[in-house]
Amino acid sequence: MSEPAAPPSTDFTPWPAATADRYRAAGYWQGETFSAWLHGLAARFGDRVAVVDGQRRWTYAELDEAASRTAGTFEGLGVSRGDRVVVQLPNIGEFLPVVLGLFRLGALPVFTLPSHRRAEIGHLAAATDAVAYVIPGVWERFDYHALAAEVRAAVPSLRLVIDATALGQEPSEPFDGTDVSAGDVAFLQLSGGSTGLPKLIPRTHDDYLYSVRASAEICRLSSDTVYLVALPVAHNFTMSSPGVLGVLHAGGRVVMCPAPSPAVAFPLIAAQRVTMTALVPPLALVWLDAAAGATDDLSSLELLQVGGARLADEAAARVRPVLGCALQQVFGMAEGLVNYTRHDDPPELVVGTQGRPISPDDEIRIVDSADVEVPAGTVGHLLTRGPYTIRGYYRAAEHNAVAFTADGFYRTGDLVRQLPSGHLVVEGRAKDQINRGGEKIAAEEVENHLLAHPAVLDASIVAVPDPVLGERSCAYVILRSGAPALTAGQVRAFVRSRGLAAYKVPDRVEFVDSFPQTAVGKVSKARLRHREGLS
Ligand code: J2J
């Protein structure tokens with residue numbers, strides 16, 4: 001009698017075999033793991049400086065060796081291939097040996113942001129059955145050991161808490177993993193999300209390295225590139241578009257910037273002769289304002305990338321005159337698809353569009369709400385599939401059924417139009433999300449926390465326009481009749497007490513008696529925004 005077939009895994013949705021063959025034949029997927037890639041970099045760029053953090057430096061050879069040592073440390077602690085490890089590190093040099101070491105071991109980093117708190121980390125650790133959690137000790141006056149103790153108490157699988165700043169102090173046998181394959185999932189990246197709980201994105205060595213190599217080429221990186229890590233290092237933009245990994249691929253230098261403010265970043269640009277960096281639009285505005293009166297020498301800067309949220313055309317037009325460098329718009333997503341304006345695009349495309357896809361095999365469909373393609377040049381929902389866009393979220397079968405079409409296109413939730421040149425213009429969003437200056441807030445996630453308050457009958461969160469952040473969040477709250485009155489401050493404090501990242505705490509709270517409804521009886525968020533005269 002044969003064994004009953006194992007149920008299909010929901011951890012990873014593979015590309016159809018014929019499609020995968022095509023991506024290999026086209027040379028996109030080269031069968032290289034991150035571990036082999038790093039060995040190759042060490043062989044090519046050995047003594048060149050790869051990473052700078054304050055006074056500390058790692059050459060390519062040292063980075064390769066440090067990755068083997070961290071892999072050895074994790075192995076010695078009982079972490080094995082396939083295990084999930086939550087990584088919550090700020091922009092510090094240790095990020096790279098930790099992540100590259102986990103890749104080498106075949107353990108999967110689960111990326112998070114330093115601003116995440118008990119609710120997010122607890123959920124991510126539990127959803128992935130993570131065995132370990134890597135923290136920076138104390139950072140910006142926040143004690144991650146205390147957070148880790150809370151998470152550990154709530155998540156039984158979590159056996160280890162590792163302070164990255166203390167790693168390497170214990171001698172450990174270097175580990176040079178061998179049985180990882182390029183088709184394996186290398187890590188889990190966090191989705192911006194629109195539903196109740198954050199979703200995880202499984203990315204393979206093959207698909208991610210393709211996006212890294214192609215991005216490095218499009219952005220014309222070389223061993224002369226000096227990249228300032230101003231946005232959170234674990235964000236997909238900073239990691240791979242072309243980001244830290246793209247710069248390493250080209251043999252350039254990665255400079256860790258502990259905070260993105262001009263006061264911190266400008267002196268680093270001057271001292272390290274930084275040639276490029278990546279910002280979200282609100283930071284670009286702050287930099288443009290500060291650059292006018294700055295005394296730091298910013299003349300080494302050749303390229304400013306802006307992405308994560310829509311950059312206003314007026315701000316885009318100011319980049320070259322004010323900062324003296326080129327602008328590149330980047331419209332990407334952790335699920336895959338990344339669009340860049342190109343260095344030889346005419347100025348009107350660089351200023352007025354969000355770029356075109358990396359790959360000739362990125363498939364773009366722009367459709368109406370019935371999935372029917374809209375006439376060329378008109379606004380519709382962006383669907384995409386391709387050699388580095390996932391086919392499914394991690395352990396999310398139900399959600400995958402709506403987030404992907406039957407033929408494997410990812411529903412981005414973005415409203416775009418496409419120019420004859422292939423460039424996309426982001427015109428809006430259909431997903432129930434607030435894009436707070438590049439930081440994504442899933443409305444339903446915060447609404448669920450509000451509903452946990454005993455005095456709250458119903459809650460609905462919408463985006464309201466903001467001159468600096470682009471959008472802020474506004475919570476509309478209906479209180480239970482007879483419940484004691486609440487103030488906006490109390491509502492905000494309640495959300496904070498639930499252990500959510502600060503950027504998810506509603507910027508504004510309005511108390512109302514009812515929500516406007518759509519024709520089918522759902523809450524009309526468009527009309528909620530309109531009630532305030534905001535759209
Ligand atoms: C308008 N909206 C944008 C842009 C992203 C590179 C750059 C950004 C991200 C990122 C990324 C936008 N104009 N220029 O992963 O590799 C909004 C869209 C998109 C969502 C994805 C990268 N750039 N967006 O921002 O996963 O709504 O990735 O679907 O955080 O951000 O968010 P995220």
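Numbers here simply count residues along the sequence, with the first being 1. Computed from a prediction, not measured in an experiment: that's the story for all the values here. Atoms within a ligand are numbered from 1 in the order they appear, just like the ligands themselves.
A salt bridge does not link Asp362 with Arg385: none of the charged nitrogens is closer than 4.0 Å to a carboxylate oxygen. Under a 4.0 Å N-O distance rule, the pair Glu335/Lys199 does not qualify as a salt bridge.
In this pair, Trp37 and His249 present their aromatic rings parallel. The plane angle is below 30°, not in the 30 to 60° band.
No heavy atom of Arg429 sits closer than 4.0 Å to any atom of ligand 1. Distances from ligand 1 to the non-hydrogen atoms of Lys431 include at least one value under 4.0 Å. Residue Lys440 places a heavy atom less than 4.0 Å from ligand 1. Gln189 does not count as a contact of ligand 1, since none of its heavy atoms falls under 4.0 Å from the ligand.
Using a 4.0 Å cut-off between heavy atoms, Val330 contacts ligand 1 through both its backbone and its side chain. By the criterion of a heavy-atom distance under 4.0 Å, the side chain of Ser241, and not its backbone, is placed next to ligand 1. With a 4.0 Å heavy-atom cut-off, ligand 1 is reached by no atom of Gln329. Contact annotation: for Gln354 versus ligand 1, heavy atoms closer than 4.0 Å belong to the side chain alone. Only the side chain of Asp414 comes within 4.0 Å of ligand 1, counting heavy atoms alone; its backbone N, CA, C and O stay farther away. Of the heavy atoms in Ala309, only backbone atoms (N, CA, C, O) come closer than 4.0 Å to ligand 1.
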Could you walk me through whether Asp206 and Tyr28 pass side-chain hydrogen bond (donor to acceptor under 3.5 Å, both in side chains), step by step?
-> CA-CA 8 Å; Asp206 259 339; Tyr28 304 142; over 6 Å; no
side-chain hydrogen bond (donor to acceptor under 3.5 Å, both in side chains) evaluation trace for Thr405 with Asp407 | CA-CA 5 Å; Thr405 65; Asp407 51 357; 2.5 Å; yes
Please test Thr13 against Arg391 for side-chain hydrogen bond (donor to acceptor under 3.5 Å, both in side chains), starting from the C-alpha separation and ending with a verdict.
-> CA-CA 6 Å; Thr13 311; Arg391 295 297 182 116; over 6 Å; no
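The single protein non-hydrogen atom nearest to atom 21 (C) of ligand 1 is Gly332 O, 3.3 Å, given as residue, atom name and distance. For atom 26 (O) of ligand 1, the closest non-hydrogen atom of the protein is Ala334 N, 3.0 Å. Here the heavy atom of the protein found nearest to atom 1 (C) of ligand 1 is Arg310 N, 3.2 Å.
On a distance-only criterion, Asn236 and ligand 1 share at least one N/O pair closer than 3.5 Å. Geometrically, ligand 1 and Gly308 share a nitrogen or oxygen pair separated by less than 3.5 Å. Any N or O atom pair closer than 3.5 Å counts here, and Leu190 shares no such pair with ligand 1.
In this structure a side-chain-to-backbone donor-acceptor pair under 3.5 Å is missing from Asn91 to Met256. Ser215 contributes a side-chain N or O that, together with a main-chain N or O of Ser211, makes up a donor-acceptor pair within less than 3.5 Å.
Environment of CD in Glu217: sparse, with no more than 12 heavy atoms of neighbouring residues, nucleotides or ligands closer than 6.0 Å.
For ligand 1, the atoms lying closer than 4.0 Å to a non-hydrogen atom of Val338 are 16 (O). Proximity to Val426 (heavy-atom distance under 4.0 Å) selects the following atoms of ligand 1: 1 (C), 13 (N).
If you look at Phe142 and Tyr144, their ring centroids are closer than 6.0 Å.
Within the structure, ring pair (Phe, Tyr, Trp, His ring centres under 6.0 Å) pairs that include any residue of residues 396-445 comprise Tyr393-His399, Tyr393-Phe404, Phe404-Tyr410 (at least two apart or interchain).
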